[in-house]
Each structure stands twice: as C-alpha cells, then as structure tokens.
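Just so it is clear: chains get the letters A, B, ... in the order the sequence lines come, proteins before strands, and each one is counted from 1. Just the heavy atoms: all of them, side chains too, but no hydrogens, waters or symmetry mates, feed the values below.
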Number of protein chains: 2
Amino acid sequence: MPKKLPQKLGYHHGDLRRALIDAATQLVAEGGEGAFTLREAAARVGVSHVAAYRHFADKTALFAALAEEGFRRLRTTQAEAGRELPRGSLARIEALALAYVGFALDDPSTYRVMFGDRLDDGPVPGTEEAQAARARARFPTLDEAVEASFDLLVSEVVAAQEAGTLRAAPPRDLALALWTLSHGYVDLLQKRRIRGDERAKIERHYLRILGISLHGMRP
Amino acid sequence: MPKKLPQKLGYHHGDLRRALIDAATQLVAEGGEGAFTLREAAARVGVSHVAAYRHFADKTALFAALAEEGFRRLRTTQAEAGRELPRGSLARIEALALAYVGFALDDPSTYRVMFGDRLDDGPVPGTEEAQAARARARFPTLDEAVEASFDLLVSEVVAAQEAGTLRAAPPRDLALALWTLSHGYVDLLQKRRIRGDERAKIERHYLRILGISLHGMRP
DNA sequence: ACCTGAACACCGTTCAAGT
DNA sequence: ACCTGAACACCGTTCAAGT
C-alpha cells in the first residue's frame with residue numbers, strides 16, 4: 001500500500017549538489033581518492049547515481065568541486081595561522097609554510113584530490129600552450145581558488161620584503177619557491193618517497209628544509 | 001584443421017614479464033596513466049589478460065615495475081648530464097637539477113607513474129609508522145631504485161661542499177631541499193597549478209626559482 | 001609451469017521513460 | 001525540472017580447467 005510516498009520532493013534536502021559534495025568528501029576522507037565513486041556517493045545521499053549528472057557533467061566535475069573547496073579551506077587555514085604574528089616577519093612566513101604542510105598532514109585525502117591526476121587532461125597531446133589554455137578553461141572557479149590561495153602567499157611575501165626580512169626579488173618568484181618547496185615536501189612524504197613518522201618530527205624536519213631555502217645553500 | 005599449432009612455446013618471446021612492461025610503458029606514453037590497463041597491455045602482447053597474474057601479483061605490481069625503471073632511467077639521465085662539468089661546481093649541481101626537470105618534461109607519463117597514487121596504500125589507516133613500514137616492504141626493489149637516484153644527488157652535494165660551493169650542512173638535507181624543489185616545481189607544472197608554455201621558458205623559469213633557494217631568500 | 005574461458009563484482013556514462 | 005531502471009562498454013580479480 002505505501003507505494004507513492006517514499007519522500008517525493010525534498011528527498012535530498014533540496015540541495016543535492018551540496019549533499020553529493022559532502023558525501024564524496026566523506027568517502028575520500030574514509031578511504032582515499034580511490035574510494036570516491038559516483039555510485040557510492042549517490043547511494044549515501046539516497047538517490048540514484050544518475051541523478052548526479054543533473055548537477056555535475058561527469059565524475060571529474062564533482063572531483064573538481066572537492067578540490068575547489070580544499071583550496072578555499074587551505075587559504076583560510078593559512079590566513080588564520082599567520083594572523084597573530086607581526087606582518088612582514090620571518091616567523092609569520094614560516095607559520096604560513098608550516099600551516100600549509102599541516103593542512104596536508106591533517107587531511108591528506110583532500111590534499112591529494114586538490115592535486116589529483118584527474119584534473120588535468122592526460123599527457124599533453126597538442127602544443128603545450130593550447131593544452132594549458134584548455135585546461136584552464138574547464139574549471140574556472142577552481143583556478144580562481146588556486147590563485148586566491150597563491151595570492152595570499154604573494155601578499156605576505158611583499159609585506160616581508162617591505163619589512164626587509166625577505167630580499168628584493170620578484171615576489172611571485174619568491175612565493176612560488178615557497179609553494180614549490182612546501183608542495184614538493186608534502187608530496188614526496190605522501191607518496192612515501194621520503195620517510196616520515198610522527199607529526200612533530202615531520203614538522204621539525206620540514207622547517208629545517210625550509211630554512212635551507214630561506215637562508216640559501218651557498219656558503 | 002590448423003587446430004593445435006597457434007604458436008605454443010615462445011608465443012610471447014619467452015619473456016612475458018618484459019613484454020608486459022614494454023606494452024604498459026607504451027600505453028602510458030600514448031595515453032597517460034589512465035590508459036594503462038592490464039587487459040589492453042596483455043592484448044598488445046597477444047596473450048590473455050589473466051596470464052599477467054603469472055608474473056605480477058596484481059596491477060599495482062606491474063605499475064611498480066614501470067616506476068622502478070623510470071627511477072633507473074632518471075638516475076642515468078642525471079649522471080650523464082653532470083658528467084662533463086667539473087665535479088663540485090655549482091654549474092654541475094644546476095645541470096643535475098635541470099636534467100631532473102628535463103626528464104619529467106620529456107616523459108611526463110612515466111614521471112607520473114613514478115609518483116603515482118597507486119603505489120601507496122590509501123590514506124594511512126593505522127599509525128603512520130606502521131603504515132610507512134608496510135609501504136616500504138611491498139616493493140623493495142622500487143625503494144632501492146628511488147634511493148639510488150637520491151644517493152647520486154647526495155654524493156654530488158658532498159663533492160660541492162668539499163669544493164666549497166655549497167655550505168656546510170647535513171648533505172642529505174641539502175639534497176632533499178633540491179629534490180623537493182625540483183619535484184614540487186614539476187608536479188605543480190604537470191598538475192597545471194602553475195602555467196608553462198614552451199620548454200625553453202620553463203627551464204629558464206625553473207632555474208630562477210632554483211637560484212632563489214641556492215642563494216637564499218633573506219637579504 | 002603456463003595459459004585460457006567464463007564468471008564475478010564492480011565502474012562511469014547514456015538513453016528512454018516516468019512524474 | 002528532476003529523478004529512475006535498464007543497458008552498454010568497460011574494469012581488476014578469481015576459479016576451474018586445459019596442455
């Protein structure tokens with residue numbers, strides 16, 4: 001007899017898009033990137049898996065939404081980490097860098113989504129310029145979130161240069177050197193190409209590596 | 001009538017393992033990491049796809065074999081790049097670093113396999129120490145190849161320190177700072193989180209970022 | 001020993017159809 | 001507009017069986 005009222009409207013709270021992102025985030029947190037499945041995410045929300053195609057063009061688009069949220073969270077995490085320290089100080093730069101690594105250690109799966117292979121279109125078939133242009137176009141809001149997080153770092157570098165704690169050089173180059181170092185460290189750690197045991201030790205080790213770049217490798 | 005002689009022995013050259021690695025390498029080169037399929041690799045060799053299980057425990061094991069060959073090739077590429085330059089010179093260090101980036105640019109798919117997600121076991125369920133130990137144990141020859149390639153860099157750093165071109169610091173720290181920077185740069189480039197157009201420009205840009213770390217960020 | 005055919009339990013994506 | 005059922009073309013992996 002109960003045949004026509006298995007929750008009709010509002011079945012998925014009215015915001016299926018949001019619910020799918022949350023479910024996918026949870027899946028990734030529980031079982032890593034590989035555990036994120038369109039079918040399973042939809043099942044958790046209590047909806048047929050094809051319903052997802054109403055809000056996302058394909059699985060990659062949902063993936064990109066996760067990555068975008070990750071970059072936004074990264075940005076606020078870094079901003080908060082530096083807030084109390086004097087703007088322009090070396091300690092504040094170090095705190096930002098440490099917050100970056102901390103973010104990746106706290107939520108490794110999200111970090112992997114943010115830098116997942118799925119978000120680039122294979123191995124560059126045509127010219128690299130054309131390819132880069134196309135790749136940028138696919139998820140513009142993701143690109144914005146990435147740039148916003150990078151811009152935070154750039155502005156901090158500028159402040160540090162004005163305070164005389166960082167040397168005069170293109171600020172975007174300095175910021176990129178910092179990002180590159182932090183991302184490289186985290187990625188090598190997560191891929192287990194370098195070893196890491198407990199959190200405190202990793203952080204100390206990272207600060208040592210960071211210090212080398214900050215102070216230079218030359219005598 | 002021809003019913004019992006569809007090439008019995010030597011059907012796969014007698015070295016199916018080798019043939020599968022080559023086929024997989026080709027697939028990856030053609031279509032990226034996602035194009036590598038156990039079934040397709042076996043089909044190219046002309047063998048049923050279950051035959052692969054005779055030589056590899058699972059798909060990941062074949063994947064690890066590709067990564068291992070990649071690290072060996074990386075090592076020889078770097079060794080050759082530095083050979084003619086005076087040992088201990090800054091130019092030689094820079095040549096090694098540039099060869100690293102060049103390797104990744106020349107063969108992006110192999111580089112991605114070398115740092116592929118498949119090679120680590122998800123998002124660290126137990127304690128990180130136990131997990132790291134397990135991960136190390138799974139593909140010991142891969143770990144050896146990784147270490148051999150890192151050791152090359154370390155020995156070059158030591159030579160540079162003895163020549164007085166790099167400052168006195170734990171050589172493994174200096175080497176790791178270099179690796180981290182190079183890998184971070186390449187990875188951000190390949191994931192399109194930073195832009196790159198033509199090869200020459202990328203190399204110049206990378207050398208600028210590298211220079212920042214070499215000379216320090218402090219005034 | 002080495003390889004195969006058939007089957008299993010999954011995927012992402014598409015299509016026609018329901019309300 | 002929003003969702004579903006059924007189907008398609010794939011996967012990796014396992015198992016019993018052939019030579």
Could you please name the option among C:dT4, D:dC11, C:dC3 that lies closest to any side-chain atom of B:Thr37?
D:dC11
Check the angle between the aromatic planes of B:Tyr111 and B:Phe103 and answer parallel, tilted or perpendicular using the 30° and 60° thresholds.
perpendicular
d(CG, B:Leu62; C1', D:dT13) in whole Å
15 Å
Could you check how far CZ of A:Phe36 sits from C1' of C:dC11, rounded to whole Å?
12 Å
Is the phosphate of D:dT13, meaning OP1 or OP2, less than 4.0 Å from a side-chain N or O of B:Tyr53?
yes
Let me know the distance between CZ of B:Phe56 and P of D:dT13, rounded to the nearest Å.
13 Å
Is the ring pair A:Phe115/A:Phe71 parallel, tilted or perpendicular, if the boundaries are 30 and 60 degrees?
perpendicular
Tell me which nucleotide among D:dT13, C:dT4, D:dG12 gets nearest to the side chain of B:Ala51.
C:dT4
Out of D:dT13, D:dT4, C:dT13, which nucleotide sits closest to the side chain of A:Val50?
D:dT4
Partner nucleotide, any strand, of C:dC2 [Watson-Crick/G-U, under 3.5 Å]
D:dG18
How many Å lie between NE2 on B:His55 and C1' on D:dG12, as a whole number?
19 Å
Protein-nucleotide distance (A:Phe63, atom CZ; C:dT13, atom P), rounded to Å:
13 Å
Which pair of heavy atoms, one from A:Arg112 and one from A:Glu33, lies closest together, and at what distance?
O-OE1, 4.0 Å
Nearest whole Å is fine: how far is C:dG12 C1' from A:Asp58 CG?
9 Å
Please determine whether a side-chain nitrogen of the Lys or Arg among B:Arg18 and B:Glu69 lies less than 4.0 Å from a carboxylate oxygen of the Asp or Glu.
yes
Nearest-Å distance, NZ (B:Lys59) to C1' (C:dC10)?
14 Å
Gap between atoms CZ and C1', on B:Arg39 and C:dT4 respectively (whole Å):
13 Å
Looking at the base of D:dT13, is there any donor atom on it, or on the side chain of B:His49, that sits under 3.5 Å from an acceptor on the other one?
yes
Is it true that B:Arg172 and B:Asp151 make a salt bridge, defined as a side-chain N closer than 4.0 Å to a carboxylate O?
yes
What is the pairing partner of C:dT13, taking Watson-Crick or G-U wobble pairs with both distances under 3.5 Å in any strand?
D:dA7
Here's a test of your reading of the structure: between B:Arg54 and B:Glu40, which maps to the more 5' nucleotide of DNA chain D?
B:Glu40
